[in-house]
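As structure tokens, the structure follows; a few thoughts come after it.
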Amino acid sequence: MNNRDRDRQYIWHPYTQMSGADHLCIVKGEGACIFDENGNKYIDVVSSWWTNLHGHAHPYIAQRIAAQAHQLEHLIFAGFTHPPAIELAERLLRHLPVNQEKLFFSDNGSTAVEVSLKMAIQYWRNKGEHRTKVIAFRNGYHGDTFGAMSIGERGIFNQPFHDLLFEVIFIDAPVPGKQAASLMQLQRAIAKNPSSIACFIFEPLVQGAGGMLMHDPDALNALISCCKEHGILTIADEVMTGFGRTGKFFASDYLLDKPDMFCLSKGLTGGFLPMAITSCTSEVFNAFLSKKDDAINKTFYHGHSYTANPLGCAAALASLDLMEATATREHIERIAGKHALFRELIAGDPKILDVRQCGTILAIELKTATGSSYNSSVRDTIYHFFLQRGIIMRPLGNTMYLMPPYCISDDDLDYIYRSIENFLKQ
Ligand SMILES: *Cc1c(COP(=O)(O)O)cnc(C)c1O
């Protein structure tokens with residue numbers, strides 16, 4: 001049996017109807033490209049599900065992980081600590097807004113979100129208030145575990161579980177034209193639920209899986225300050241937007257009012273290893289402290305076997321070194337600049353409903369007869385058109401997007417732009 005047949009025999013892939021599924025076997029990655037077992041090259045325009053920042057198999061990150069593996073590969077993180085976790089916490093806090101004081105480690109974006117929700121709800125309980133309601137955006141995506149599913153848009157992905165998801169107060173995201181409505185819905189939700197809302201969680205500036213929907217910082221800021229006036233905790237899910245994607249280090253760097261908590265994952269290790277972080281203010285952290293009889297009730301009882309895995313920390317530290325390099329900042333500006341030119345070039349195309357950009361993320365929403373749905377046939381047409389041309393483009397329904405590793409070359413970007421033009425022409 002060849003690799004594709006062996007895969008079919010034994011493996012169940014994520015987000016995949018396995019009947020008739022066929023998976024390309026990739027054996028090598030280098031820079032923004034990956035190579036299949038027949039030597040065919042593909043440009044990874046989606047950064048392997050938005051994780052890769054500096055290119056595949058980056059030698060510097062690989063070397064730092066290897067060095068750490070020879071030193072200390074993993075360690076129970078209760079009762080013990082280790083230098084890579086300490087150094088990563090110190091260095092990440094320098095990039096996060098100054099109100100962020102403590103980091104809590106987990107493994108993936110969904111768990112970072114679960115941790116933030118549990119922290120927010122227990123925060124209120126520890127303070128003697130019963131606040132358990134959550135406000136979230138429509139069209140949001142925060143992960144696939146039960147809490148994360150609950151606060152995300154209800155749809156085809158989580159349909160079998162709808163009866164089991166907890167109730168959430170959904171408001172419109174302040175996308176263009178909905179800024180006023182969004183704020184009004186938030187104010188109404190607060191008025192209707194006095195002293196029972198624990199937190200407001202949101203994807204800042206770009207709602208990724210919802211279709212790369214974008215809103216501006218001022219509109220989001222208005223919502224955050226409204227929450228702050230009412231003592232509601234605000235949680236920025238920067239799992240996708242973090243680490244330079246939006247042009248700044250964090251999307252929240254565009255905001256005047258800083259969120260109380262942050263969820264980080266995807267780009268954290270440069271796309272090398274699964275790791276996540278939930279950060280919070282000292283106000284949140286201090287609510288869990290006690291030396292008295294109630295200490296046991298105030299403790300945050302959450303953890304994962306691989307919490308703060310030293311290899312993940314080493315990868316994250318190496319990726320931070322690269323993030324802080326001038327060359328990376330220049331790449332981010334270069335990509336944003338090229339996207340902007342291309343956006344203007346195609347803006348009037350009759351096949352296009354909307355072109356949006358936020359930093360290195362460019363989204364092109366196509367007109368369709370049926371409206372946008374993840375499984376629309378246009379999605380498959382796009383996917384195969386680009387795959388045949390050596391480009392990995394996984395549209396979200398009728399929305400194509402580019403979110404490349406920062407090291408992508410001008411030539412590769414130009415080739416992708418030209419392929420998009422050819423797609424629009426056909
Ligand atoms: C991908 C994503 C998640 C979930 O992260 P996983 O690592 O896939 O569990 C959560 N929030 C946002 C905004 C995401 O884009």
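All ligand and atom numbering here is 1-based and tracks the order in the structure.
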- Can you find a non-hydrogen atom of Trp49 under 4.0 Å from ligand 1? no

- Considering the heavy atoms of Trp50, write down every atom of ligand 1 situated less than 4.0 Å from one of them. 15 (O)

- Is any NZ, NE, NH1 or NH2 atom of the basic residue among Glu30 and Lys41 found under 4.0 Å from an Asp or Glu carboxylate oxygen of the other? no

- Query: Would you call Arg131 and Glu129 a salt bridge, taking side-chain N to carboxylate O under 4.0 Å as the test?
  - Reply: yes

- What do you reckon, does Ser265 have a nitrogen or oxygen under 3.5 Å from a nitrogen or oxygen of ligand 1? no

- Give a yes or no on whether a salt bridge exists between Asp22 and Arg8, defined as a side-chain N under 4.0 angstrom from a carboxylate O. yes

- Query: So, are Asp36 and Lys28 salt-bridged, with charged N and O less than 4.0 Å apart?
  - Reply: no

- Task: Would you mind telling me if ligand 1 is within reach of the side chain of Asn108, the backbone, both or neither, using heavy atoms under 4.0 Å?
- Result: both

- Query: Do His384 and Asp380 meet the criterion of a side-chain donor-acceptor pair at a distance under 3.5 Å?
  - Reply: no

- Message: I'd like to know if Gln207 contacts ligand 1, where contact means a heavy-atom distance under 4.0 Å to any ligand atom.
- Response: no

- Query: Is atom 8 (O) of ligand 1 less than 4.0 angstrom from some protein heavy atom?
  - Reply: no

- Query: Is the shortest heavy-atom distance from the side chain of Tyr401 to the side chain of Ile364 under 4.5 Å?
  - Reply: no

- Message: Would Gly143 count as being in polar contact with ligand 1, using the rule that some N or O on each side must be under 3.5 angstrom apart?
- Response: no

- State, without any angle test, whether Glu101 and Thr281 hold a side-chain donor-acceptor pair at a distance under 3.5 Å. no

- Message: For ligand 1, which is the ligand I care about here, please tell me if Lys266 has any N or O atom under 3.5 Å from one of the ligand's N or O atoms.
- Response: yes

- Message: Which of the numbered atoms in ligand 1 are under 4.0 angstrom from any heavy atom belonging to Asp237?
- Response: 10 (C), 11 (N), 12 (C), 13 (C)

